[in-house]
Amino acid sequence: MTTAVFPGSFDPPTYGHLNIIERASKLFDSVDVVIAVNPEKRSLFTANERLSMIQELTKNFDNVSVHQWEGLVVDYAKKNEANILLRGIRNSNDFAYEFDLSLMNHTLNAQIETLFIPTEQKYAIIKSSSIKELAMFGGDISGMVPPIVADEMRKKCVGAKKSSSK
């Protein structure tokens with residue numbers, strides 16, 4: 001049985017992420033979506049909120065499971081007997097970053113292979129940081145994130161605006 005691990009912060013989960021998950025679910029026996037929990041990183045959503053959203057968004061994929069992990073993703077892979085890491089690539093900048101990361105991961109665990117899945121063109125401009133900024137200013141993010149994510153982002157952004165205007 002071949003398990004692939006698709007790690008990321010997923011802050012927020014986007015249509016680009018879902019596209020990679022859907023395509024991976026057709027290629028592998030199982031796909032573990034791993035929400036990387038980094039206590040040093042300031043996220044819009046808590047790890048539990050991201051977990052809940054991605055579980056809801058992937059509930060129709062029988063071979064996809066969602067997990068949280070605080071630590072190195074290669075350690076998650078080893079613990080769960082997976083040797084494939086999946087990474088979505090939007091452009092050459094992503095490739096350069098992900099390529100270097102894949103070399104580091106392979107150095108940490110020689111059994112790990114990283115496979116790059118290029119995004120579909122319609123998702124190439126979707127970037128979590130841009131989505132968050134756009135949402136903060138009340139912009140339309142409906143083409144970038146699923147409705148449940150857009151709703152949760154509106155709640156967060158309204159709360160942030162109220163806090164900052166006090």
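Note that this is a predicted model, so its numbers are computed, not measured.
Ala47 and Val37 make their closest contact through CB-CG2, 3.7 Å (heavy atoms, listed as atom of the first residue, atom of the second, distance). Here the closest heavy-atom approach between residue Val64 and residue Ser25 is recorded as CG2-CB, 3.9 Å. Minimum heavy-atom separation, Ile141 to Met153: CD1-SD, 3.7 Å. When every heavy atom of Cys157 is checked against every heavy atom of Met136, the shortest pair comes out as SG-N, 3.7 Å. Counting all heavy atoms, side chain and backbone alike, Val73 lies closest to Pro7 at CG2-CB, 3.4 Å. Considering all non-hydrogen atoms of both residues, Pro13 and Pro146 come closest at O-CD, 3.9 Å.
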### Query
Thr3 and Ser30: side chain to side chain contact (heavy atoms under 4.5 Å, CB included), yes or no, with the steps?
CA-CA 5 Å; Thr3 299; Ser30 65; 2.7 Å; yes

### Message
Is there a side chain to side chain contact (heavy atoms under 4.5 Å, CB included) between Leu103 and His106? Walk through the geometry before answering.
### Response
CA-CA 5 Å; Leu103 294 175; His106 192 74; 5.8 Å; no

### Message
Assess the residue pair Leu115 and Phe28 against the criterion (side chain to side chain contact (heavy atoms under 4.5 Å, CB included)); give the C-alpha distance rounded to whole Å, side-chain angles, the decisive distance to 0.1 Å, and a yes or no.
### Response
CA-CA 12 Å; Leu115 299 180; Phe28 300 97; 3.8 Å; yes

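Put simply, the side chain of Asn63 does not reach to within 4.5 Å of the side chain of Asp29, judged on heavy atoms. For the pair Arg50 and Ser43, the minimum side-chain heavy-atom distance is below 4.5 Å. Counting only heavy atoms from C-beta outward, the side chains of Tyr123 and Arg90 never approach each other to under 4.5 Å. Two residues are said to be in side-chain contact when any heavy atoms from C-beta on lie closer than 4.5 Å; His17 and Val33 fail this criterion.
Linking ILVMFWY residues whenever their side-chain heavy atoms come closer than 4.5 Å, directly or via other members, leaves Leu72 and Leu101 in distinct clusters. Cluster membership for Ile89 and Ile20, using ILVMFWY side-chain heavy atoms within less than 4.5 angstrom, is not shared. Residue Leu18 is grouped with residue Leu27 when hydrophobic side chains (ILVMFWY) are merged at heavy-atom distances under 4.5 angstrom, including chains of intermediate members. Follow the hydrophobic side-chain contacts under 4.5 Å out from Phe61 and you reach Val145 in the same cluster. The hydrophobic clustering, which links ILVMFWY residues whose side-chain heavy atoms are closer than 4.5 Å, places Met104 and Val5 together.
Thr14 OG1 to Asn19 CG: the interatomic distance, rounded to the nearest 0.5 Å, is 9.0 Å. To the nearest 0.5 Å, the span separating CG on Asn109 from CG on Leu85 amounts to 8.5 Å. Rounding to the nearest 0.5 Å places CG of Leu57 at 9.0 Å from OG of Ser52. Separation of atoms CD (Glu113) and CD1 (Ile84) is listed at 8.5 Å; rounding is to 0.5 Å. Here Ile126 contributes atom CD1 and Glu120 contributes atom CD; the two are 10.5 Å apart, rounded to the nearest 0.5 Å. Here CG of Leu51 is found 9.5 Å from CE of Met53. Values are rounded to the nearest 0.5 Å.
The 12-atom threshold is exceeded at CD1 of Ile148, counting heavy atoms of other residues, nucleotides or ligands nearer than 6.0 Å. The 12-atom threshold is not exceeded at CD of Gln111, counting heavy atoms of other residues, nucleotides or ligands nearer than 6.0 Å. Applying the 6.0 Å contact sphere to CZ of Phe99 captures no more than 12 heavy atoms from other residues, nucleotides or ligands. Heavy-atom contacts from other residues, nucleotides or ligands closer than 6.0 Å to CG of Asp62 number 12 or fewer.
No donor-acceptor pair under 3.5 Å is formed between the side chain of Asn105 and the backbone N or O of Val74. Remark: the backbone N or O of Ala82 is not paired with any side-chain donor or acceptor of Asn80 at under 3.5 angstrom.
In this structure, Lys78 does not pair ionically with Asp75, as no charged nitrogen and carboxylate oxygen lie closer than 4.0 Å. A salt bridge links Lys156 with Glu49: at least one charged nitrogen is closer than 4.0 Å to a carboxylate oxygen. Ion pairing between a basic and an acidic side chain is recognised when a charged N comes within 4.0 Å of a carboxylate O; Arg87 and Asp94 show no such pairing.
Counting only N and O atoms by type, the side chains of Thr46 and Asn48 include no donor and acceptor under 3.5 Å apart. Asp32 and Ser65 share a donor-acceptor pair across their side chains, judged by distance under 3.5 Å alone.
Exactly one of Phe6, Tyr76, Phe10 qualifies for a side-chain contact (heavy atoms from CB on, under 4.5 Å) with Val34. That residue is Tyr76. Checking Leu44, Ile54, Ile131 one by one against Pro12, the side-chain contact (heavy atoms from CB on, under 4.5 Å) holds for a single residue, Ile131.
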